[in-house]
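This report concerns only the one structure given below.
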Amino acid sequence: MTTSAPAPAARQTPTAPAAPRGRHRLRAALAAAALTAALPFTGASAAHAADNPYERGPAPTTASIEATRGSFAVSTTTVSSYTARGFGGGTIYYPTSTTAGTFGGVVVAPGYTATQSSMSWLGPRLASQGFVVFTIDTLSRYDQPASRGRQIQAALDYLTGSSSVRARVDRNRLGVIGHSMGGGGALEAVKANPAIRAAVPLTPWNTDKTWPEVTTPTLLVGAEDDSVAPVSSHAEPFYSTVPASTRKAYLELRGASHFAPNSSNTTIAKYTISWLKRFVDEDVRYSQFLCPAPAPSTAILEYRSTCPY
């Protein structure tokens, strides 16, 4: 066994004179002040987190909102036209996990003569970002916008009240999307029900050109080469007549046709996700993608908005 050498005797160090009592008091007061100043900051951080109870998924980046899939695994369920009431059935895409809590619900309506399949790409793309998405068929392929608006509302009622995933949906956080006459129907739906939190009409068509009744935050998407619903007689006047007091934006796709929303489109997805997150989920983390307004690019001809929001 190895034996350690004895430690040298400790050197005596002169004791410093005691600080005056007044100095102790000053140090104590400064320490207490520093602690008090730190407490409001901690409380504010906790309060900020509590102010955003609907945040779903990690902090967003440009890459995450342009990706074809978000952070949530997605499942689907089919709604037969025989069980639907007031609309033509459809497909529900929803986050598989329930650990994050409830999700906002979104109904997506197709255009004239089209079926839900024309908008099916949006289902899993939006659901994987943290929404329950219902792509629907209409009662007739020839239904006009006013009828489509009523059917969108009927689908929202079904999603939140009767569907097999109703427990996953927050009935107070709902949004609507529609293409062409479905986009006109989305405007009809928020006109009739201002409690809907967000609307995204895509290359919308409607004979009604003025929308002063719309108070729901609305992102209107037009297409430069749209010959079916030219922006000059549809999307642009729709946007301009939505009140300035309503949070709104107008995005015009460069070189795109009326049917741009019928296939996977990164620009449409990016701004639709950001709009729904900001206004359905009240998630201000997504404001950065909407304000300041994006500049013209190879994909965007024009963007107008009522920033900030």
Side-chain angles (χ1 to χ4, degrees), residues 43-62 64-67 70-72 74 93-95 97-108 122 125-134 152-153 156-157 159-160 165-178 186-187 189-201 214-221 242-251 268-294 303 305-309:
S45 298
H48 177 73
D51 286 343
N52 293 278
Y54 308 128
E55 290 183 1
R56 301 291 182 264
T61 64
T62 298
S64 73
I65 61 173
E66 290 183 348
S71 62
F72 291 92
V74 174
Y93 304 81
Y94 59 94
S97 172
T98 59
T99 58
T102 57
F103 299 93
V106 182
V107 166
V108 183
L122 267 176
R125 193 154 183 170
L126 296 180
S128 68
Q129 295 284 348
F131 295 100
V132 176
V133 184
F134 195 3
I152 287 170
Q153 182 61 60
L156 288 172
D157 292 342
L159 183 64
T160 58
V165 297
R166 61 189 179 277
R168 300 172 187 260
V169 186
D170 183 344
R171 64 174 55 249
N172 295 312
R173 291 190 290 129
L174 303 175
V176 295
I177 300 171
L187 288 168
V190 296
K191 174 182 174 180
N193 182 6
I196 296 171
R197 291 200 173 192
V200 184
V214 172
T215 58
T216 294
T218 300
L219 168 64
L220 286 138
V221 178
V242 171
S245 57
T246 297
R247 291 170 292 187
K248 62 178 181 175
Y250 171 73
L251 166 64
I268 290 174
K270 175 180 181 178
Y271 292 100
T272 298
I273 290 166
S274 298
W275 197 263
L276 295 176
K277 285 287 190 178
R278 175 61 187 86
F279 295 111
V280 172
D281 284 354
E282 301 175 9
D283 193 338
V284 295
R285 297 179 300 173
Y286 288 80
S287 294
Q288 62 181 304
F289 306 111
L290 302 170
C291 298
Y303 194 101
S305 74
T306 55
C307 283
Y309 29 71

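On a predicted model such as this, the values are computed, not experimentally measured, just so you know.
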Verify salt bridge (charged side-chain N to carboxylate O under 4.0 Å, His left out) between Glu282 and Arg173, making sure each step is shown before the conclusion.
CA-CA 9 Å; Glu282 301 175 9; Arg173 291 190 290 129; over 6 Å; no

Can you tell me how far apart CZ (Phe72) and CZ (Phe131) are? Round to the nearest 0.5 Å.
9.5 Å

Note, Val242 side chain near Arg247 side chain (heavy atom, < 4.5 Å)
no

Side chains of Leu126 and Ile177 in contact at under 4.5 Å (non-hydrogen atoms):
yes

Separation between CZ of Arg56 and OG1 of Thr102, rounded to the nearest 0.5 Å
5.5 Å

Set out, in order, the CA-CA distance, both residues' side-chain angles and the distance that settles side-chain contact (heavy atoms from CB on, under 4.5 Å) for Val133 and Leu122, then state yes or no.
CA-CA 8 Å; Val133 184; Leu122 267 176; 5.7 Å; no

Option from Val107, Val169, Val132 for which side chain to side chain contact (heavy atoms under 4.5 Å, CB included) with Leu174 holds
Val169

If you compare all heavy atoms of Val106 against all heavy atoms of Leu159, which two are closest, and at what distance to 0.1 Å?
N-CD2, 4.3 Å

Residues passing the ring pair (Phe, Tyr, Trp, His ring centres under 6.0 Å) test with Phe279, sequence neighbours excluded, are Trp275, Tyr309

Heavy-atom closest pair (Gly130 atom, Pro95 atom, distance to 0.1 Å) is CA-CG, 4.2 Å

Test side chain to side chain contact (heavy atoms under 4.5 Å, CB included), reference Tyr54, set Asn172, Asp283, Asp170, output is Asp170

Taken in chain and number order and not counting sequence neighbours, the residues that satisfy side chain to side chain contact (heavy atoms under 4.5 Å, CB included) with Pro60 are Ser64, Ile65, Arg285, Tyr286, Gln288, Phe289

If the plane angle is over 60° it's perpendicular, under 30° parallel, otherwise tilted; pick one for Tyr271 and Tyr303.
tilted

Taking side chain to side chain contact (heavy atoms under 4.5 Å, CB included) as the test, write out the residues that go with Arg166, two or more places apart.
Ser163

In terms of heavy-atom contacts, Arg278 and Leu290 come closest through CB-CD1, 4.0 Å

Would you mind reporting whether Val221 and Thr272 have side-chain heavy atoms less than 4.5 Å apart?
no

Report yes if the side chains of Tyr93 and Arg125 come closer than 4.5 Å at any heavy-atom pair, otherwise no.
no

Which heavy atom of Pro201 sits nearest to which heavy atom of Thr218, and what is that distance?
CD-CG2, 3.8 Å

Over all atoms of both residues, closest heavy-atom pair of Ser128 and Gly70
OG-N, 2.7 Å

On a heavy-atom basis, the closest approach of Gly104 and Asp281 is N-OD1, 4.2 Å

Determine whether a donor-acceptor pair (N or O, by modelled atom type, separation under 3.5 Å) exists between the side chain of Thr216 and the backbone of Ile196.
yes

Mark yes or no for whether Thr246, through its side chain, and Lys248, through its backbone, hold a donor-acceptor pair below 3.5 Å.
no

Distance in Å, Leu251 CG paired with Ile268 CD1, rounded so as to fall on 0.5 Å steps:
8.0 Å

